[in-house]
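Positions are given from 1, in the same order as the sequence printed here. In what follows, every heavy atom counts, from backbone to side chain, and hydrogens, waters and symmetry copies are set aside.
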Amino acid sequence: MNDWQKKSPQDWETYLNKMVKVAAVEKLEYEGWVVTVDPVSASIILATFLEDDKISISVVLGHAVQEVEILKEGDNEMRQRLSSIFTPEESKAYSAEELEKRKNSLKTWLETNHIPVTEQSESQGRLCVAGVLTIDPPYGPEECSSSNEIILSRLQGLIQGYQQKQQ
């Protein structure tokens, strides 16, 4: 286990949203903005912004990392760009007010149909159904996730039917 892998998640968090140079095994070097660090494997996810609004994503596996050097701090605009990389296109199309309205509408509908739903306070806007399924913004069937495939399938069907009635 190398020094990088021995770091804690709090240590890795200090590298988020920063331009870094990663020295890896076999004298390989990678440069990019740190999007995240996987807490299990210590792998670093780097983003590089190319022309034509394209983004290159690189993954440097944790066991290969030898040294990480911070080259530049990210400003608020860069934080926004990095956080939006993996955000689905559909959720970018909604304003904060629209997302709040969609969330409250779906939550009310679920409660009316006696489906237990709560809002998870630690994750912005995420709904939790019966403690086994989560729904992220913009609150469509595609944003549902659960390890129980039967519940997932049934709730996705219900939400799809609900959305069709709304249109």
Side-chain angles (χ1 to χ4, degrees), residues 1-104 106-107 118-129 131-147 149 152 156 159 163:
M1 190 178 275
N2 62 32
D3 289 341
W4 176 255
Q5 290 173 300
K6 291 177 186 171
K7 290 183 182 284
S8 72
Q10 289 81 11
D11 294 333
W12 293 322
E13 194 173 24
T14 63
Y15 292 89
L16 294 182
N17 304 313
K18 295 184 178 150
M19 170 70 85
V20 297
K21 181 190 287 185
V22 180
V25 294
E26 298 182 16
K27 298 184 181 174
L28 294 172
E29 283 191 350
Y30 302 89
E31 261 188 43
W33 293 92
V34 178
V35 178
T36 190
V37 178
D38 176 49
V40 176
S41 67
S43 298
I44 305 171
I45 313 300
L46 298 174
T48 307
F49 297 96
L50 310 171
E51 59 272 349
D52 300 334
D53 289 330
K54 294 189 179 180
I55 303 168
S56 172
I57 301 293
S58 305
V59 179
V60 183
L61 300 178
H63 70 273
V65 176
Q66 292 181 328
E67 186 181 340
V68 180
E69 175 188 349
I70 296 174
L71 301 175
K72 185 177 173 184
E73 296 281 331
D75 57 9
N76 283 338
E77 183 182 334
M78 184 53 69
R79 281 190 180 90
Q80 280 297 122
R81 279 181 84 183
L82 292 169
S83 69
S84 70
I85 289 175
F86 296 111
T87 304
E89 284 298 317
E90 307 88 58
S91 67
K92 292 178 186 175
Y94 297 103
S95 69
E97 295 84 29
E98 288 174 301
L99 286 174
E100 188 70 21
K101 184 179 173 188
R102 287 176 65 93
K103 176 185 70 179
N104 291 334
L106 178 61
K107 186 177 179 189
T118 58
E119 191 171 343
Q120 292 183 329
S121 59
E122 67 275 357
S123 54
Q124 294 179 324
R126 177 178 283 175
L127 295 176
C128 182
V129 178
V132 295
L133 182 137
T134 59
I135 310 169
D136 290 316
Y139 309 104
E142 305 82 26
E143 287 78 39
C144 295
S145 62
S146 175
S147 59
E149 291 182 34
L152 177 63
Q156 283 176 321
I159 292 173
Q163 286 183 334

Query raised in the report: Does I57 reach the side chain of I45, with side-chain heavy atoms less than 4.5 Å apart?
Result: yes
Report task. Specify the closest pair of heavy atoms between V59 and S43, including all atoms of both residues, with the distance to one decimal. Result -> CG1-CB, 4.1 Å
Requested in this report: Please check if atom CD in E98 has more than 12 non-hydrogen atoms from other residues, nucleotides or ligands closer than 6.0 Å.
Outcome: yes
Requested in this report: For the residue pair N104 and Y139, establish whether any side-chain heavy-atom pair is separated by less than 4.5 Å.
Outcome: no
Query - For the student: nearest non-hydrogen atoms of G62 and Q5, plus distance - result: O-CG, 3.7 Å
Query raised in the report: Can you tell me if CD on E13 sees more than 12 non-hydrogen neighbours from other groups inside 6.0 Å?
Result: no
Report task. Not counting sequence neighbours, list each pair that qualifies as a salt bridge (Lys or Arg N to Asp or Glu O under 4.0 Å) and has a residue in residues 43-71. Result -> none
Query raised in the report: Taking atom CD of Q66 and atom CG of N2, what is their separation to the nearest 0.5 Å?
Result: 8.0 Å
**Report entry** Atom pair CG (L82) and CG (L16), whose distance is rounded to the nearest 0.5 Å
**Finding:** 9.5 Å
Query raised in the report: Do I44 and W4 have side chains that get closer than 4.5 Å, going by heavy atoms?
Result: yes
Report task. Might you point out which heavy atoms bring E29 and K21 nearest each other, and give the distance in Å? Result -> OE1-CD, 3.7 Å
Query - Closest approach of R126 to D136 (non-hydrogen atoms, all atoms of both residues) - result: NE-OD1, 2.6 Å
Query raised in the report: What heavy-atom pair brings T48 and G32 nearest, and what distance separates the two atoms?
Result: OG1-CA, 4.0 Å
**Report entry** CH2-NZ distance between W33 and K18, expressed to the nearest 0.5 angstrom
**Finding:** 10.5 Å
**Report entry** The single option from L46, V68, V60 passing side chain to side chain contact (heavy atoms under 4.5 Å, CB included) against V34
**Finding:** L46
**Report entry** Beyond-backbone contact of E143 with P138, side-chain heavy atoms, under 4.5 angstrom
**Finding:** yes
Requested in this report: Output the distance between atom CD (Q163) and atom CG (L106), rounded to the nearest 0.5 Å.
Outcome: 7.5 Å
**Report entry** Partner residues of E100 under the salt bridge (charged side-chain N to carboxylate O under 4.0 Å, His left out) criterion, sequence neighbours left out
**Finding:** K103
Query raised in the report: Between atom CD1 of I55 and atom CD1 of I85, what is the distance when rounded to the nearest 0.5 Å?
Result: 4.5 Å
Query raised in the report: What are the two closest non-hydrogen atoms of G140 and I135, and how far apart are they?
Result: O-CG2, 4.3 Å
**Report entry** Straight-line distance of L127 CG to T134 OG1, nearest 0.5 Å
**Finding:** 9.0 Å
